Peer 1: 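This is the structure I have questions about; it appears just below.
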Amino acid sequence: MSEVDRIHLICDISLIHTNSKWRYPGSWEGYPMYGDPGLYFEIARILERGRFDGAFFADVAGTPIVNGSMDDTIELGVAWPRHDPIPMVAAMSAVTQHLGFVTTMSMTYNHPFHTARMMASLDHVTRGRVAFNAVVSGFPQEAQNYGYETTPDHGWRYERASEFQEVMAKLFDSVEPDAMVWDRETGRVADPSKVHRIDHEGEHFKVMGPLPVAPSPQGRPMQVMAGQSAAGIELTARYAELQFAMGSTDELRAAHRKTLDEACLAVGRDPKEVNPLWAGYFDVVSDDYEAAENRRKYLEQFPAKAPHVFLSQWWGLDGYVMDPGGTVHETIAEVKRLGVGPNWGYLDMALRTTPPEMTIEEYALDRLDDGTGFVGTAEQIADRMESAFYAGGGRGGFMFAPRSGVPAGIERFVDEVIPILQRRGLFRTEYEGRTMRENMFG
Ligand SMILES: Cc1cc2nc3c(=O)[nH]c(=O)nc-3n(C[C@H](O)[C@H](O)[C@H](O)COP(=O)(O)O)c2cc1C
């Protein structure tokens, strides 16, 4: 494996049907709204034509309560509806040959046996093209769907996630790669000496095993993690191959890569085995005029009362009635005093980056157009990607969502940005391998 790799690209299509994105002029044209897989098939084919590594579906299985009720959430479509992404991944894999898929499963509410079995099965159905985003869930209404009063404590969630990973690793190893026999003559299916019970007994799980799935094309489906806390980075370093990372400037990316390197070395892993995919969005335009027009169209798609509803949901302010005219600083002081909301990291970031007089409404609008965007001409976007990629250590790549409509916004990236990256030798012209891991690490 060389020191510097080529850029890898995942397209985030989780929210194209919600959070007002479906209203962007030209989006979903010719397709009935979510539920019909046609648009997803078209996107999958476009991404494969662009030699993308994969498509990503985030997942949070709760309906946010905002300002004391679910009404705004449902009426404005804030992270709602959210279907389980796994059936769509299976369907999209049938219309593609090479494109990979990252789908999300919670280590807080699922069971590791179910998760390992589902992912190994999906690895078969996609012919080795699946990775999963293993998350430590933070949103209170998701907790309430799984029988908890509210989100369990951060430390508890990471302890469970750590044992969850330990169990999955044992399960994936419980069937040796050459265990299957499938001998038509004798009727012998597998060699029992190569299939092992795991007999795991821990604090959170008791699992006999083995995994009742034949070894899948990737052996262990790839894993992505996105926790940004110290515990999240440690777990990523131990078990993941990819990390969704945040960083709006090259300095922040370089600092994050350094933290990840140190975490990998601390657990005895080569940092080259764990690569960041920088989260952000893209919008390819012809000039500054089109960039401004697209920004206007993007912000206009949100109904008037939506921005602070989004903000309340991002901050996880379960039941707290937010005054859009109040200042960010006063609101956060009150939120902390009341002890609501699990995402204090976001709150601290907001305090650091806002002037004292900024209102919630202004901040919410600002967040909808945050600094992680790659907006510009194809050449400008390619330049920024190149610099961001090297700042992040020259490995990994990007996990980008389209900001303008779908599928046209994605198609424009594929037709205009990808050829520039290819000419610069920064991006593949053909898929390297058969499985997602071979393409990402081959
Ligand atoms: C780019 C990105 C994507 C994420 N996707 C999801 C998701 O789909 N579902 C979810 O519950 N959490 C998601 N998260 C949250 C993290 O995976 C993580 O588990 C959470 O932030 C708690 O960990 P932390 O306290 O270590 O940050 C995402 C985070 C990032 C940065």
Side-chain angles (χ1 to χ4, degrees), residues 8-19 54-64 79-80 82-86 88-89 101-110 115 131-146 148 150-162 164-165 223-240 242-248 252-253 256 259-260 263 274-282 313-316 341-349 367 370-373 392 396-401:
H8 293 279
L9 278 176
I10 302 285
C11 187
D12 178 2
I13 53 171
S14 336
L15 298 175
I16 59 172
H17 70 290
T18 178
N19 289 19
F56 167 53
F57 287 96
D59 192 32
V60 177
T63 301
W80 196 91
R82 297 292 288 266
H83 299 202
D84 191 314
I86 288 177
M88 194 63 89
V89 166
F101 300 92
V102 184
T103 187
T104 300
M105 289 200 78
S106 168
M107 295 185 286
T108 308
Y109 306 121
N110 287 304
T115 306
F132 70 109
N133 175 31
V135 299
V136 166
S137 304
F139 290 96
Q141 282 73 46
E142 189 168 27
Q144 286 155 359
N145 283 339
Y146 287 102
Y148 297 84
T150 189
T151 306
D153 167 73
H154 195 259
W156 183 91
R157 282 181 281 145
Y158 269 102
E159 276 166 31
R160 187 184 202 270
S162 184
F164 193 104
Q165 286 290 333
Q223 275 200 80
V224 187
M225 288 187 201
Q228 310 292 312
S229 65
I233 291 179
E234 204 262 344
L235 198 68
T236 301
R238 276 199 284 141
Y239 291 103
L242 298 161
Q243 190 199 33
F244 289 148
M246 311 294 278
S248 49
L252 289 173
R253 290 187 187 96
H256 183 88
T259 307
L260 196 55
V274 188
N275 288 323
L277 294 169
W278 305 104
Y281 61 85
F282 63 81
Q313 188 249 326
W314 284 330
W315 282 355
N343 299 321
W344 285 25
Y346 292 162
L347 302 182
D348 290 338
M349 192 188 294
R367 288 298 303 157
D370 69 11
T372 60
F398 301 88
M399 193 278 285
F400 273 166

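Ligands are counted one by one from 1 in listed order, and the atoms in each one are counted from 1 as well. The analysis underlying the following values was restricted to heavy atoms, covering all of them including side chains, and did not include hydrogens, waters or symmetry mates. What you see is a predicted model; the values in this text were computed from it and never measured. The first residue of the sequence shown is numbered 1, and numbering continues consecutively from there.
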Peer 1: Going by side-chain contact (heavy atoms from CB on, under 4.5 Å), name the residues that satisfy it together with Ala230, two or more places apart in sequence or in a different chain.
Peer 2: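 Partners of Ala230 by the side-chain contact (heavy atoms from CB on, under 4.5 Å) criterion come out as none, since no residue qualifies.
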
Peer 1: With a 4.5 Å cut-off on side-chain heavy atoms, are Ile86 and Met105 touching?
Peer 2: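 Contact flag for Met105/Ile86 side chains = yes.
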
Peer 1: Kindly write out the residues that satisfy ring-ring contact (aromatic ring centres under 6.0 Å, His included) with Phe132, not counting sequence neighbours, or none if the list is empty.
Peer 2: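 Partners of Phe132 by the ring-ring contact (aromatic ring centres under 6.0 Å, His included) criterion come out as none, since no residue qualifies.
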
Peer 1: At a heavy-atom distance under 4.0 Å, which protein residues reach ligand 1? Sort them by chain and number, would you?
Peer 2: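 Within 4.0 Å of ligand 1, protein side: Ala58, Asp59, Val60, Thr104, Asn133, Val135, Val136, His154, Tyr158, Ala226, Gly227, Gln228, Ser229, Gly232, Phe244, Met246, Ala279, Met399.
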
Peer 1: Any non-hydrogen side-chain atom of Phe56 less than 4.5 Å from a side-chain atom of Thr104?
Peer 2: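 Of all side-chain heavy-atom pairs linking Thr104 with Phe56, at least one is under 4.5 Å.
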
Peer 1: My understanding is that only residues two or more places apart in sequence, or in another chain, count here; which of them pass side-chain contact (heavy atoms from CB on, under 4.5 Å) with Glu142?
Peer 2: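 Val60, Ala61, Tyr109, Ser137, Tyr146.
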
Peer 1: May I ask you to test the Arg160-Arg157 pair for a side-chain heavy-atom distance under 4.5 Å?
Peer 2: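 A side-chain contact under 4.5 Å is absent here.
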
